[in-house]
2 protein chains.
Amino acid sequence: MHANIMAFGLDRAVEGTSSADFELMEAGQVCIIDDDEGVRASLSSLLRASGYTVQTCRAPEQFRAEDLGAMPSCLVLDVQMPGESGLDFQERLCASGFAVPVIFITGHGDIPMTVRGMRAGAVDFLPKPFTENDLLEAVGRALDVDRERLRREAIVNDLQSRHDALTPREKEVMALVITGLMNKQVAGHLDLSEITVKIHRGNVMRKMGAQSLADLVRMAESLGIRDTSIHRFGPKGG
Amino acid sequence: MHANIMAFGLDRAVEGTSSADFELMEAGQVCIIDDDEGVRASLSSLLRASGYTVQTCRAPEQFRAEDLGAMPSCLVLDVQMPGESGLDFQERLCASGFAVPVIFITGHGDIPMTVRGMRAGAVDFLPKPFTENDLLEAVGRALDVDRERLRREAIVNDLQSRHDALTPREKEVMALVITGLMNKQVAGHLDLSEITVKIHRGNVMRKMGAQSLADLVRMAESLGIRDTSIHRFGPKGG
DNA sequence: AACGCCCCCAAACCACCGTATGATGTTGAG
DNA sequence: CTCAACATCATACGGTGGTTTGGGGGCGTT
């Protein structure tokens, strides 16, 4: 059974990966945060046997987000711990913009606790005792979620770095262009000549790597760029 | 306390509403589905006193989605019922595309049940006994969610109806135009002359109410229109 | 001082967009 | 049959997009 799961995990890992770094690449990374050493040891052993890279922490304070690299990762988090609770910790992580998927485990959980955890975006909430399969399924789901997250993040990071490379003026021009304004209108807003706008616009297209205005608009959507001026669909407002 | 909550509920209703239809407009509509008549009666009375319109059902089978009109609505759903369970019912609703927010109530709930419900998108999961305030807060949140849902749905429906009004050819042209292709390229794909594409394109812009290509691209995004041919950002692939 | 980067502008040029105007043919509903 | 809607295409014209060439000035670093 472990063998099956392991094969499954490796299968998925290979899907999105070149075979060159096969040996270094694993199904994913799991960080276990639990104050009970026995729990840490047994879960760690189970997950390692399934092909995952495992880290353990005795308390949330020990966890360093940097430890999780580019590999798809998830947290297995005990709810009841001395010091900061698992729920508080997750919400703190989330608030700080670190959106790694979380699986809660707990010995004395109740429904409101579960609601709070799930509402905060937890992938699963496992009351003890749970089976090995319960955990492995949850971890598999969590890593799927994280793979998707990393995929999107990589795309957005790429776009963001290109956008950061734009000069201030180019960003201004882009912001207006993607609202659908014509060059002469952009020129009016920025008190420039039309030819200057054309030059900035050309630079924007080249630096952002957009093949067309449609491309640029979609990039801006991905980056969440919205003009301050209100923008409506449709002509009904007449 | 009821008075306070009632005032709160009405306050929220007024926020997004003109005062003209104040008497007809309510804070929202709640449908209670529970096999226990006593529960239905007491919850119904509580919610009505808070200014909500209430409907009750003895079983999921009795519920008609059509009963909930344009008003922001939510379901208060008992998990354990003879016949179809609340969880099954919610998943069936969700699968059928009817995404009204759900609040579960249950006398004998456990954590896996809660996980299943929350994962399926429930707004809250209330184990009995719960306080009046618990329910009213959950209902308030659920109706907020539904208000947002209705808002988005209205926009997309509007766009969809315009897109439906396009002729087949116009839809084809639009699908290619929003990928960033030039008129002559569209003409090539559809084996048309460029002038014909221009005409279709003009019709698309007029019928969709798009003031610019950027508008049209965003509309297509909202409608989930994606070309079959693969489309990438960036020039790195070279 | 020299260099690179940013910002601005003009003239010229070409490709592209968009909209008439006018025309032909098909098809389905009344 | 008539009419409306759909679809197709040509010519022509004006506006727009985009680049090149060439020029000016500012600002900070080396």
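All values derive from a computational prediction rather than experimental measurement.
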Q) When you check the gap from the basic side-chain N to the acidic O, do A:R218 and A:E221 get nearer than 4.0 Å? A) no
Q. Which residues, if any, of residues 196-205 of chain A bring a heavy atom under 4.0 Å of DNA chain D?
A. A:K198, A:R201, A:G202
Q | Worked check of side-chain contact (heavy atoms from CB on, under 4.5 Å) between A:L166 and A:M174 | A | CA-CA 9 Å; A:L166 298 180; A:M174 174 170 166; 3.8 Å; yes
Note, [X] side chain near [Y] side chain (heavy atom, < 4.5 Å):
{"X": "B:R40", "Y": "B:R58", "value": "yes"}
{"X": "B:L75", "Y": "B:F89", "value": "yes"}
{"X": "B:K207", "Y": "B:T167", "value": "yes"}
{"X": "B:L192", "Y": "B:R169", "value": "yes"}
{"X": "B:D35", "Y": "B:D78", "value": "yes"}

Which atom pairs, one a donor and one an acceptor, fall under 3.5 Å between side chains of residues 195-204 of chain A and the rest of the protein, sequence neighbours left out?
from   : atom 1 : to     : atom 2 : distance (Å)
A:T196 : OG1    : A:S193 : OG     : 3.0
A:R201 : NH1    : A:N183 : OD1    : 2.6
A:N203 : OD1    : A:R206 : NH2    : 3.0
A:N203 : ND2    : A:E170 : OE2    : 3.4
A:N203 : ND2    : A:I199 : O      : 3.4

Q | Closest heavy-atom pair and its distance - A:V100, A:S73 | A | CG2-O, 3.5 Å
Q.
B:E61: which residues meet the side-chain hydrogen bond (donor to acceptor under 3.5 Å, both in side chains) condition with it, sequence neighbours left out?
A. none
Q.
Is there a side chain to side chain donor-acceptor pair (under 3.5 Å) between B:R48 and B:S44? Walk through the geometry before answering.
A. CA-CA 6 Å; B:R48 273 191 239 272; B:S44 176; 2.9 Å; yes
Q) Can you give the first and last nucleotides of DNA chain D, 5' to 3', that have an atom under 4.0 Å from a heavy atom of chain B? A) D:dC6 to D:dT11
Q.
At a heavy-atom distance below 4.0 Å, which nucleotide of DNA chain C is the first touched by chain A, and which is the last?
A. C:dC6 to C:dA11
Q. Between B:F98 and B:F63, what is the ring plane arrangement, given parallel below 30°, perpendicular above 60°, and tilted in between?
A. tilted
(Q) Quick check on DNA chain D: between B:I195 and B:R169, whose nearest nucleotide comes earlier from the 5' end? (A) B:R169
Q | Degree of bending, the helix from C:dA1-D:dT30 to C:dG30-D:dC1 (end axes from five pairs; round to 10°) | A | 30°
